[in-house]
Number of protein chains: 2
Amino acid sequence: MVTETKTDRRILRTKEAINKAFLELFTEKELEQITINDISERANVNRGTIYLHYTDKYDLLDKCIEDHLSNMFVACSVSIDFNRDKIDLIDELTSVFDYFEANFLFFSAMISTQRTSVFRERMLQIVVANLNEKLDQRDIHRSMNKELIVQFTASAFVGTTEWWIRNHMPHSPQYMAEQLWKLFEKHDVYAR
Amino acid sequence: MVTETKTDRRILRTKEAINKAFLELFTEKELEQITINDISERANVNRGTIYLHYTDKYDLLDKCIEDHLSNMFVACSVSIDFNRDKIDLIDELTSVFDYFEANFLFFSAMISTQRTSVFRERMLQIVVANLNEKLDQRDIHRSMNKELIVQFTASAFVGTTEWWIRNHMPHSPQYMAEQLWKLFEKHDVYAR
DNA sequence: GCGAAGTTGTCGCATATGGAACAAAACCGC
DNA sequence: GCGGTTTTGTTCCATATGCGACAACTTCGC
């Protein structure tokens with residue numbers, strides 16, 4: 001059963017404005033320098049309203065990360081299809097990198113700060129969960145340890161992505177997807 | 001006495017969103033094709049809320065025009081100064097054209113439709129009012145009919161501006177200001 | 001022409017947000 | 001260290017907006 005509660009339009013608008021403002025500020029100054037005042041002004045929202053949704057700026061940062069990562073997750077698992085083949089998977093990978101590219105500012109900001117580790121860990125978690133689900137859907141454990149496959153693939157993916165972002169995305173999403181796919185294929189993880 | 005009432009942040013936000021959405025739609029379809037539904041969706045605002053501020057889409061269009069024109073007015077009369085000279089006036093003219101340039105989409109949309117006349121008339125009114133005020137401040141009626149000066153200058157200004165916008169702003173605001181100034185000067189309207 | 005679907009104004013009520021004030025805490029310059 | 005300023009949470013009350021419903025009207029395919 002899927003929970004089917006539409007959230008009030010005002011809430012969505014407000015959260016979006018706050019997120020946007022926070023992200024902008026995040027690319028301009030260090031987290032410690034950002035005040036709730038800054039955020040409320042930039043977002044054109046009453047200061048009190050921010051406390052209605054977030055306990056403090058750290059909570060805001062966490063939820064911001066959570067938000068983007070789950071968006072990414074949604075953006076990439078659009079085309080879930082059980083009889084897919086290699087091409088499909090490359091497409092999916094490409095759409096993930098497209099998402100990164102479209103939100104370069106956010107990811108870049110997340111990675112170039114002391115708080116990187118929080119972000120990286122959370123991202124790893126998400127990817128691991130995602131992979132587990134996929135591997136369950138297709139039944140290709142073979143002789144290999146599933147846990148190990150997941151950890152291997154996830155770390156490789158997150159690490160490579162981080163490198164890609166840190167270096168200002170020197171390749172196109174398409175290219176990244178293809179290259180990564182080849183590497184995964186080599187390790188006989190997803191290959192049929 | 002200046003009325004000093006701050007309007008609620010929510011109202012400003014809402015109006016801005018509606019204006020923006022309406023303008024976008026205006027550049028995409030004919031006014032008749034635009035529904036209140038369209039606007040509310042695009043602006044991410046409840047349909048009823050629109051009726052809170054505008055009676056219908058024609059009212060919205062009018063207020064939208066009014067808004068932009070008064071903004072333009074404000075943007076250009078920043079530097080009102082009684083002992084100004086030629087340079088000041090060129091600067092002021094330039095800032096007007098800057099405003100047009102910055103809001104190209106709006107003005108372009110306003111001019112390329114059947115409803116142009118409404119817009120042109122209103123703009124003419126504004127410019128005439130503005131000119132009257134200026135001419136009153138400086139006392140240079142000389143032997144000429146003030147009414148006539150105003151009408152002449154205003155029509156010339158509005159017409160030239162319309163041409164400039166219609167042709168996708170082929171010259172820089174600075175250039176336009178200088179050229180227009182020279183023309184006015186030739187007709188001995190403002191010259192000292 | 002007719003019925004279906006969409007649009008328009010307009011309600012009532014619920015609720016998210018604004019604004020202002022406040023005390024406590026944190027952050028300054030000196 | 002100390003006084004002034006800024007920031008932080010929190011409060012109460014007012015109000016703008018959301019949501020859903022409604023009847024009247026228009027649009028449009030057939």
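This one's a predicted model, so the numbers in the text were calculated from it and none came from an experiment. In what follows, chains carry the letters A, B, and so on, assigned in the order in which the sequence lines appear, proteins first and then strands, with residues in each chain numbered from 1.
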Next item on the list: Please name all residues satisfying salt bridge (charged side-chain N to carboxylate O under 4.0 Å, His left out) with B:Arg122, sequence neighbours left out, ordered by chain then number.
Entry: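 Scan of B:Arg122 (salt bridge (charged side-chain N to carboxylate O under 4.0 Å, His left out), adjacent residues dropped) gives B:Glu66.
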Checklist line | Residues in salt bridge (charged side-chain N to carboxylate O under 4.0 Å, His left out) contact with A:Arg10, at least two apart in sequence or another chain | finding: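 A:Asp8.
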Kindly say whether, by distance alone, the side chain of [X] makes a donor-acceptor pair under 3.5 Å with the base of [N]?
| X | N | answer |
| --- | --- | --- |
| A:Arg9 | D:dT17 | no |
| A:Arg47 | C:dG18 | no |
| A:Arg10 | D:dT17 | yes |
| A:Asp8 | D:dG18 | no |

Let me know the distance between [atom1] of [X] and [atom2] of [N], rounded to the nearest Å.
| X | N | atom1 | atom2 | answer |
| --- | --- | --- | --- | --- |
| A:Lys57 | D:dG9 | NZ | C1' | 14 Å |
| B:Ile50 | D:dG18 | CD1 | C1' | 13 Å |
| B:Glu41 | C:dG6 | CD | C1' | 12 Å |
| B:Ile39 | C:dG9 | CD1 | C1' | 14 Å |
| B:Lys6 | D:dT15 | NZ | P | 17 Å |

Next item on the list: Could you say whether B:Leu12 or A:Thr55 is positioned toward the 5' end of DNA chain D, judged by the nucleotide with the nearest heavy atom to each?
Entry: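 Looking at the nearest nucleotide for each, A:Thr55 comes out on the 5' side.
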Check: Do B:Phe100 and B:Phe104 have ring centres separated by under 6.0 Å?
Finding: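 For B:Phe100 and B:Phe104, the ring centres are not under 6.0 Å apart.
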Notebook entry, point to check: Between A:Glu121 and A:Gln125, do the side chains contain an N or O donor and an N or O acceptor separated by less than 3.5 Å?
Noted result: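 Side chains of A:Glu121 and A:Gln125: no pair found under 3.5 Å.
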Note to self: Does either side chain, that of A:Asn46 or that of B:Arg9, offer a donor lying less than 3.5 Å from an acceptor on the other one?
What the structure shows: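 On atom types as modelled, these side chains do not qualify, holding no pair under 3.5 Å.
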Which of the following nucleotides, [options], is nearest to the side chain of [X]?
| X | options | value |
| --- | --- | --- |
| B:Leu52 | D:dT17, C:dG18, D:dT8 | D:dT17 |
| A:Tyr51 | D:dT8, D:dG18, D:dA16 | D:dT8 |
| A:Asn37 | D:dT7, C:dG19, C:dT17 | D:dT7 |

Item checked: Steps toward side-chain contact (heavy atoms from CB on, under 4.5 Å) verdict (A:Leu12, A:Glu16) -> CA-CA 6 Å; A:Leu12 296 177; A:Glu16 207 181 312; 5.7 Å; no
Margin query: Between the opening five pairs and the closing five pairs of the helix from C:dG1-D:dC30 to C:dC30-D:dG1, how far apart are the helix axes, to 10°?
Written below: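 End-to-end axis angle for the helix from C:dG1-D:dC30 to C:dC30-D:dG1: 70°, rounded to 10°.
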Note to self: Whether A:Glu28 and A:Arg42 form a salt bridge (side-chain N of Lys/Arg under 4.0 Å from carboxylate O of Asp/Glu) is what I want to check.
What the structure shows: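 Judged by the 4.0 Å cut-off on N to carboxylate O distance, A:Arg42 and A:Glu28 do form a salt bridge.
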